[in-house]
There are 2 protein chains.
Amino acid sequence: MTQTTDALTSSNKSGSALVDDLASQIRDRIMTGEIPIGAQLRQAELASNFGVSRTPIREALRQLQTGGLIEVLPHRGAVVRVPAPWEVRESYEVRAELEALAAARAVSRITRAQIDDLRGANKEMFDTSAAAAQDPASDTPAHQQNNDLFHTLISSISGNARLTKTIDDINTTFPRNVSAQLVVTDARHREENFQEHERIIDALAAGDTAQAAKEMREHVIKAGEQLAHWYEQRSSTVFHG
Amino acid sequence: MTQTTDALTSSNKSGSALVDDLASQIRDRIMTGEIPIGAQLRQAELASNFGVSRTPIREALRQLQTGGLIEVLPHRGAVVRVPAPWEVRESYEVRAELEALAAARAVSRITRAQIDDLRGANKEMFDTSAAAAQDPASDTPAHQQNNDLFHTLISSISGNARLTKTIDDINTTFPRNVSAQLVVTDARHREENFQEHERIIDALAAGDTAQAAKEMREHVIKAGEQLAHWYEQRSSTVFHG
DNA sequence: CACTCCTCTCTTGGATCCAATCGTAAGCAT
DNA sequence: ATGCTTACGATTGGATCCAAGAGAGGAGTG
C-alpha cells in the first residue's frame with residue numbers, strides 16, 4: 001500500500017533472519033498503531049509491501065499468532081486481536097507479579113550507577129511526554145520507548161532472562177501505543193506515573209525488597225487498569241473493517 | 001520414517017487447524033521423548049511422516065520456534081533445544097512465582113469438590129508412578145499426565161486464563177518426560193512429591209493464602225532443581241547427531 | 001603428510017501454481 | 001417482496017519448483 005519497504009535492505013546478514021525480521025516489523029507496525037486494532041492482515045498486501053512473496057509472510061504471521069497478537073481465522077485471514085478489558089486485567093495481574101519479582105531480584109544486584117540510569121530514564125520519560133503533550137506534532141515514539149526503558153532496565157537488572165522474556169511476551173500481546181497516549185494526554189497520569197517510578201527507585205536504592213516489589217506490583221496493576229479502561233471505552237469503535 | 005500418520009485423520013473439522021495440529025503433534029513427540037533432545041527435525045521427513053507437504057510443516061516449526069522448544073538455524077535446519085541447567089533454574093523460578101500466584105488466587109475460589117479432586121489426582125499420580133516403578137513395561141504416560149493434572153487443576157481454579165497460559169508456555173519449553181522419570185525411578189522423590197502436594201492441598205483447604213503460595217513456590221523450585229540436576233548430568237550425552 | 005580449495009550433495013528458503021473455502025451478490029422461485 | 005439457491009470473486013492453504021547456503025569428501029599442491 002504505502003510503498004515497497006524492501007525487507008531485504010535492513011538486516012540481510014545471517015541467512016534466514018528474514019522471517020523473524022518480517023514478524024518483528026509487522027509487530028512494530030501493530031504496536032505503533034500504524035496497523036490498527038481489528039485490522040485485517042492480507043498476505044498478498046503485506047507481501048507486496050515488504051517486497052517478498054507470501055511464503056515468508058505466512059510464517060511470520062504464524063509467529064505473531066502464537067504470540068497472541070493476531071488471530072488467524074481458517075479461511076478468512078488474520079486480524080489484529082482486539083483485547084477484551086478482562087484480558088488486559090488478567091494479563092497485567094500476571095505482569096505485576098512478574099515485575100514485582102524482577103524488582104525484588106534487582107534489589108540485591110542493582111548498582112549505584114544503574115540507580116542513576118533509572119532516575120535519568122524516568123526523568124527523560126517525564127520530559128519527553130510532557131513535551132509531546134505541548135506539541136503534538138513532535139509525536140515521536142520516544143516517550144513510549146522511554147516508558148518501556150524504565151521497566152526494561154529493571155527486568156534486565158534482575159538477571160533472569162526467562163523472566164525478562166515472559167514479561168515481554170505479555171507486553172507484546174497488546175498494542176501499547178495506547179498506554180503511551182495516556183501518559184501524554186493526561187497530565188495527572190503523567191505526574192502519577194513519574195511519582196510511582198520514583199518510589200520504586202527509592203525502594204531499590206534503600207534495598208527494601210518487600211517495598212520494591214509492593215510498589216512495582218501496585219504500579220503495574222494501576223497501569224493495567226488504565227489500559228483496560230481505555231479499551232473499555234474504545235474497543236467497540238476503533239476497529240475498521 | 002516410522003509410518004505415515006496421516007495428520008488429516010485426527011481433527012479434520014475446522015479448515016486450517018492443520019498447522020496447529022501439526023505443531024501440537026510434533027510438540028507431543030518431543031515432550032514424550034519420541035523425538036529426543038538435540039535431534040534434528042528435517043522438514044522432508046516430518047512431511048512424509050504426517051503425509052503432508054513441507055509447507056505446513058514449516059509453519060508449524062515456526063510456531064514451535066517462537067515457543068522456544070526448538071531452535072531454527074539459518075540453513076541448517078531445526079533442532080530440539082538442549083536446555084542449559086541455568087535456563088531451567090531461571091524458568092522454574094518464574095514458574096514458581098506464577099504457580100504461587102495461582103495457588104494464592106485459588107484459595108478464595110476453590111470448592112470442597114475441587115479439593116477432593118486434587119487429593120484424588122495426587123493419590124492417583126502416586127499410585128500410577130509407583131506402579132510404573134514396579135513394572136517398567138507399563139510405561140504409559142499416565143503418571144506424567146496425572147502429575148501435570150495437579151498443577152493444571154490449581155492453575156485453572158485460579159480463574160486467570162493468562163496465568164494458565166503463561167505457566168503452560170514455560171512448561172512446554174522443556175521436554176518433560178524427564179521429570180516424570182524422576183518420580184518413577186526414585187521412591188524418595190515420589191514420596192516427597194506426594195507429601196508436598198498434600199501440604200499444598202492442606203493450605204488450600206485451610207484457606208491459608210500465604211501458606212499455599214509458600215508451599216507451592218518451594219515445591220516448584222524443588223522440582224526445577226531436580227530437573228536442572230538431571231540435565232546437568234545428561235545434557236552432554238543425550239543428543240544424538 | 002598436511003593443508004587448501006573445489007565440487008558435489010543435502011537441506012532449507014523463497015516464489016509460484018493450483019485447489020479449497022468463504023463471502024457476496026445476483027437470480028430465481030414462492 | 002422475501003427467502004433460498006447458486007455462481008462468481010477474492011483470499012487463504014497446500015503442493016511443487018527452483019535458487020541458495022552449508023557441510024562433507026576428495027583431489028591437488030606445498
Side-chain angles (χ1 to χ4, degrees), chain A residues 1 4-26 35 38-66 69-81 239-241, chain B residues 1 4-26 35 38-66 69-81 239-241:
Chain A
M1 180 60 111
T4 63
T5 317
D6 194 16
L8 304 167
T9 338
S10 48
S11 71
N12 196 11
K13 45 186 177 185
S14 64
S16 155
L18 200 162
V19 177
D20 299 291
D21 276 357
L22 288 175
S24 180
Q25 290 190 39
I26 297 174
I35 300 177
Q40 287 199 52
L41 301 170
R42 273 172 302 249
Q43 298 175 356
E45 183 179 339
L46 291 171
S48 70
N49 267 7
F50 289 105
V52 297
S53 96
R54 278 176 47 212
T55 310
I57 295 287
R58 280 164 64 173
E59 297 181 23
L61 291 180
R62 289 295 175 191
Q63 290 187 329
L64 299 182
Q65 178 196 14
T66 65
L69 185 60
I70 70 176
E71 191 173 6
V72 177
L73 302 108
H75 270 267
R76 303 179 49 192
V79 296
V80 182
R81 262 179 60 89
F239 75 102
H240 75 59
Chain B
M1 184 52 117
T4 63
T5 316
D6 195 15
L8 305 168
T9 339
S10 48
S11 70
N12 197 10
K13 45 186 177 184
S14 63
S16 152
L18 200 161
V19 176
D20 300 289
D21 277 357
L22 287 175
S24 179
Q25 290 190 39
I26 297 174
I35 300 177
Q40 288 200 51
L41 301 170
R42 275 173 301 256
Q43 298 175 355
E45 183 179 339
L46 291 171
S48 70
N49 268 5
F50 289 106
V52 295
S53 94
R54 278 176 47 213
T55 309
I57 296 288
R58 279 164 63 175
E59 297 181 23
L61 290 181
R62 289 295 176 192
Q63 291 187 327
L64 298 182
Q65 179 196 13
T66 65
L69 185 60
I70 70 174
E71 192 173 4
V72 176
L73 304 109
H75 270 266
R76 303 177 47 189
V79 295
V80 181
R81 261 178 60 89
F239 75 103
H240 74 59

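A, B, ... follow the sequence lines: proteins, then strands. Residue 1 opens every chain. This is a predicted model, so every value here is computed, not measured.
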A side-chain contact here means heavy atoms from C-beta on lying under 4.5 Å apart; do L61(A) and E59(B) qualify? no

Whole Å only: how far is the CZ atom of R54(B) from the P atom of dA19(D)? 15 Å

Under 4.0 Å between any heavy atoms, over every strand shown, what does L41(B) touch: base, sugar-phosphate, or nothing? Just pick one. sugar-phosphate

Grab the two heavy atoms, one from A78(A) and one from V72(A), that are nearest each other, plus how far apart they are. CB-CG2, 4.1 Å

Might you point out which heavy atoms bring P56(B) and L18(B) nearest each other, and give the distance in Å? CB-CD2, 4.2 Å

Contacts of T55(A) and G77(A) projected onto DNA chain D by closest heavy atom; the upstream (5') one is G77(A)

Between Q40(B) and dT11(C), is there a side-chain N or O to OP1/OP2 distance below 4.0 Å? no

Could you pull out the closest heavy-atom pair between Q63(B) and A23(B), with the gap in Å? OE1-CB, 3.2 Å

Would you tabulate the pairs of protein nitrogen or oxygen atoms and nucleotide nitrogen or oxygen atoms of nucleotides 23-25 of chain C closer than 3.5 angstrom?
unit_1  : atom_1 : unit_2 : atom_2 : d
dG23(C) : OP1    : R76(A) : NE     : 3.3
dG23(C) : OP1    : R76(A) : NH1    : 3.4

Please report the shortest heavy-atom distance between A60(B) and L22(B), naming the atom on each side. CB-CB, 4.0 Å

What is the distance, rounded to the nearest whole Å, between atom CG of D21(B) and atom C1' of dG14(D)? 15 Å

Provide, to the nearest angstrom, the distance between the CD atom belonging to Q63(B) and the P atom belonging to dG13(D). 12 Å

Side chain of R42(A) (C-beta onward), nearest among dT12(C), dG14(D), dT12(D): dT12(D)

How many whole angstroms separate atom CZ of R58(A) from atom C1' of dT12(D)? 7 Å

Rounded to the nearest angstrom, tell me the gap between atom CG in L61(B) and atom P in dT11(C). 15 Å

Determine whether I70(A) and R81(A) satisfy the following criterion, side chain to side chain contact (heavy atoms under 4.5 Å, CB included), listing intermediate values before the conclusion. CA-CA 5 Å; I70(A) 70 176; R81(A) 262 179 60 89; 5.9 Å; no

To the nearest Å, how far apart are Q43(A) CD and dA10(D) P? 17 Å

Go through it in stages, so that I can follow the logic: the residues are Q65(A) and T66(B), the test is side chain to side chain contact (heavy atoms under 4.5 Å, CB included), and I'd like the CA-CA distance, side-chain angles, deciding distance and then a yes or no. CA-CA 10 Å; Q65(A) 178 196 14; T66(B) 65; over 6 Å; no

Of S53(A) and A78(B), the one whose nearest nucleotide on DNA chain C sits closer to the 5' end is A78(B)

Please report, rounded to the nearest Å, how far the C1' atom of dA15(D) is from the CG atom of L22(B). 14 Å

To the nearest angstrom, the NE2-P distance between H75(B) and dT12(C) comes to 11 Å

